[in-house]
**Student:** 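One structure follows; several queries about it will come next.
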Amino acid sequence: MPTTILAIETSCDDTSASIISDGIIKSNVISSQLDHSKLGGVVPEIASRKHQKNIVYITKEALERSSVDLHDLDAIACTNGPGLLGSLLVGSSFAKSMSYSLEIPLICVNHIKAHALSHTINKADIDFPFISLVVSGGHTQIMYVESYDKIKIVGETRDDAVGEAFDKCAKIIGLDYPGGPFIDKLSKKGDPHKYKFPDTNIPNLDFSFSGIKTSFLYFIKDNINNDKNFIKKNINDIAASIQFKLVEMIIKKLRVAIKKYNVSNISIGGGVAANSLLREELSILENDHDIILNISKLEYCTDNAAMIANYARFMFNDKKFSKLDVVPFSKNR
Ligand code: KG4
Ligand code: ZN
């Protein structure tokens, strides 16, 4: 009999359920909450209420699409953190009640670790060690991955995540949330070297994106004072210049990490991995350092339950099960 696991992901604003059977993803259903786009960002209270509304339907859909019956399940996995506490509580309570009623083990998965291994979905052989970069609206982390459970965060943001910086800069120039994809699109027609933004000198492999966001805000304000149509006239160049700076900040640190840890493999995950300039720069880096670049499929880059199911398959093999009184956590410990 194949090992079959149902995984639930509700760490932020996406409700997702996935079935994995014998290491292969059979379904990955994601419901993205569009309500937040009008509000300029994720509103935690709205997110958790939406998860409550969606979770049963999404789970049913994941079971149906994979033709798996509830009684075929060997374990239930869920994201236990980090994330928005209210959102996590919906998914983890749901997973716990299923584990209890079906009398099968509960597997609690760390969201960041699952992102770090998302490129291993549907793969049997994994080349450890590698450096993993996770860049999204909630995280900016560089990890040194020695095995599935030996993952060390070697660099992270001290304030905003890079996706958050994309979104906040986009908001300043009047773009909808999430603004990252709009900045990416506008940048294609713009000059990335037209405007310069200051460097932030953060030591080691850590990042800081709040300073760049503030200097971008003052740059826009100053220019609007001189010409109220400044944004309209220069939007492509503004987008391309800020995108160039944000991507440069990430690539700089990644180069240092590759050298320091002397790895021949890197993986990239998180929503910002969709960025076209970042992808271009990563392929340059791949050639420069003679490394293998593993980028997750787009569907597995953003928040999704398939990456939770994928991580749970390793934990299941090692019988790393959780008790029902385990509590979700908002920040990595
Ligand atoms: O992984 P994700 O879906 O959710 C979080 O965990 O946050 O990432 C969403 C983030 C948003 O900040 C969004 O603006 C950013 O990823 N993003 C992009 C692009 N596509 C998504 N940022 C820059 N360029 C893109 N093409
Ligand atoms: Zn995430």
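Atoms within a ligand are numbered from 1 in the order they appear, just like the ligands themselves.
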**Student:** Just to be sure I read this right, does ligand 1 sit under 4.0 Å from the backbone of Asp167, its side chain, both, or neither, counting only heavy atoms?
**Tutor:**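 The side chain, only.
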**Student:** I'd like to know if the side chain of Ser241 and the backbone of Tyr195 have a donor-acceptor N/O pair within less than 3.5 Å.
**Tutor:**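 Side chain of Ser241 to backbone of Tyr195: a pair is present.
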**Student:** Run the ring-centre check on His119 versus Phe130 and record whether the distance is less than 6.0 Å.
**Tutor:**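 Yes, the ring centres sit under 6.0 Å apart.
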**Student:** Output the list of atoms in ligand 1 that are nearer than 4.0 Å to some heavy atom of Gly163, sorted by atom number.
**Tutor:**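 That gives atoms 12 (O) of ligand 1.
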**Student:** Suppose clustering is done on Ile, Leu, Val, Met, Phe, Trp and Tyr with side-chain heavy atoms closer than 4.5 Å. Which residues sit in the same group as Tyr218?
**Tutor:**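 For Tyr218, no cluster forms, as it stays isolated from other hydrophobic side chains.
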**Student:** Any N or O of Asp184 that comes nearer than 3.5 Å to an N or O of ligand 1?
**Tutor:**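 Yes: some nitrogen or oxygen of Asp184 is under 3.5 Å from one in ligand 1.
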**Student:** Return the closest protein heavy atom for atom 17 (N) of ligand 1 as residue, atom name and distance.
**Tutor:**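 The closest one turns out to be Gly271 O, 3.7 Å.
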**Student:** With atoms numbered from 1 as shown, which atoms in ligand 1 lie under 4.0 angstrom from a non-hydrogen atom of Pro178?
**Tutor:**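 Taking each heavy atom of Pro178 in turn, ligand 1 has 13 (C), 14 (O) under 4.0 Å.
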**Student:** Around the Zn ion (ligand 2), how many protein N/O/S atoms fall inside 2.8 Å?
**Tutor:**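 Number of qualifying protein atoms: 4.
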**Student:** How close do Ser18 and Ala62 get, counting heavy atoms only, and between which atoms?
**Tutor:**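 In terms of heavy atoms, the two residues are closest at N-CB, 4.2 Å.
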**Student:** Of all the non-hydrogen atoms in the protein, which one sits nearest to atom 15 (C) of ligand 1, and at what distance?
**Tutor:**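 So the nearest neighbour among protein heavy atoms is Val272 CG2, 3.9 Å.
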**Student:** Suppose we screen for ring pair (Phe, Tyr, Trp, His ring centres under 6.0 Å). Which residues come up paired with Phe216, at least two apart in sequence or across chains?
**Tutor:**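 Phe216 satisfies ring pair (Phe, Tyr, Trp, His ring centres under 6.0 Å) with Phe197 only.
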**Student:** Which protein heavy atom lies closest to atom 9 (C) of ligand 1, and at what distance to 0.1 Å?
**Tutor:**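 The answer is Gly137 N, 3.8 Å.
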**Student:** Measure from the side-chain N and O atoms of Ser87 to the backbone N and O of Cys12, and report whether any donor-acceptor pair falls under 3.5 Å.
**Tutor:**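 Yes: the side chain of Ser87 pairs with the backbone of Cys12.
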**Student:** Please answer whether the main-chain N or O of Thr10 pairs with a side-chain N or O of His111 as donor and acceptor at a distance below 3.5 Å.
**Tutor:**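 No, the answer is negative, given that no donor and acceptor are paired below the 3.5 Å cut-off.
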**Student:** Under a single-linkage rule joining Ile, Leu, Val, Met, Phe, Trp and Tyr whose side-chain heavy atoms are separated by less than 4.5 Å, which residues share a cluster with Leu106?
**Tutor:**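 Tyr100, Leu324, Val326, all in the cluster of Leu106.
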**Student:** Is it true that a side-chain atom of Asp237 and a backbone atom of Gly190 form a donor plus acceptor pair closer than 3.5 Å?
**Tutor:**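 No.
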**Student:** Among all protein heavy atoms, pick out the one at the shortest distance from atom 22 (N) of ligand 1; state its residue, atom name and that distance to 0.1 Å.
**Tutor:**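 In this structure, atom 22 (N) of ligand 1 has Gly180 CA, 3.5 Å as its nearest protein heavy atom.
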**Student:** Quick check against the 3.5 Å criterion: does Asp227 have a side-chain atom that pairs as donor or acceptor with the backbone of Asn229?
**Tutor:**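 Flag set: sc Asp227 to bb Asn229 pair under 3.5 Å.
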**Student:** Using distance alone, decide if ligand 1 has a nitrogen or oxygen within less than 3.5 Å of any nitrogen or oxygen in Asp303.
**Tutor:**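 Yes; the residue has a nitrogen or oxygen that sits under 3.5 Å from a nitrogen or oxygen of the ligand.
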**Student:** For atom 24 (N) of ligand 1, what is the nearest protein heavy atom, given as residue, atom name and distance?
**Tutor:**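 Of the protein heavy atoms, Asn275 ND2, 3.0 Å lies nearest.
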**Student:** When you look at NZ of Lys188, are more than 12 heavy atoms from neighbouring residues, nucleotides or ligands closer to it than 6.0 Å?
**Tutor:**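 For Lys188, atom NZ is crowded (more than 12 foreign heavy atoms under 6.0 Å).
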**Student:** Look at the rings of Phe209 and Phe207 and say which category their plane angle falls in: under 30° parallel, 30 to 60° tilted, over 60° perpendicular.
**Tutor:**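 Ring orientation, 0 to 90° scale: parallel.
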**Student:** Examine Phe166 against ligand 1 and note whether any of their N/O atoms are separated by less than 3.5 Å.
**Tutor:**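 No, Phe166 has no N/O under 3.5 Å of an N/O on ligand 1.
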**Student:** Does the residue Gly138 have a heavy-atom contact with ligand 1, meaning some pair of atoms that are separated by less than 4.0 Å?
**Tutor:**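 True for this residue.
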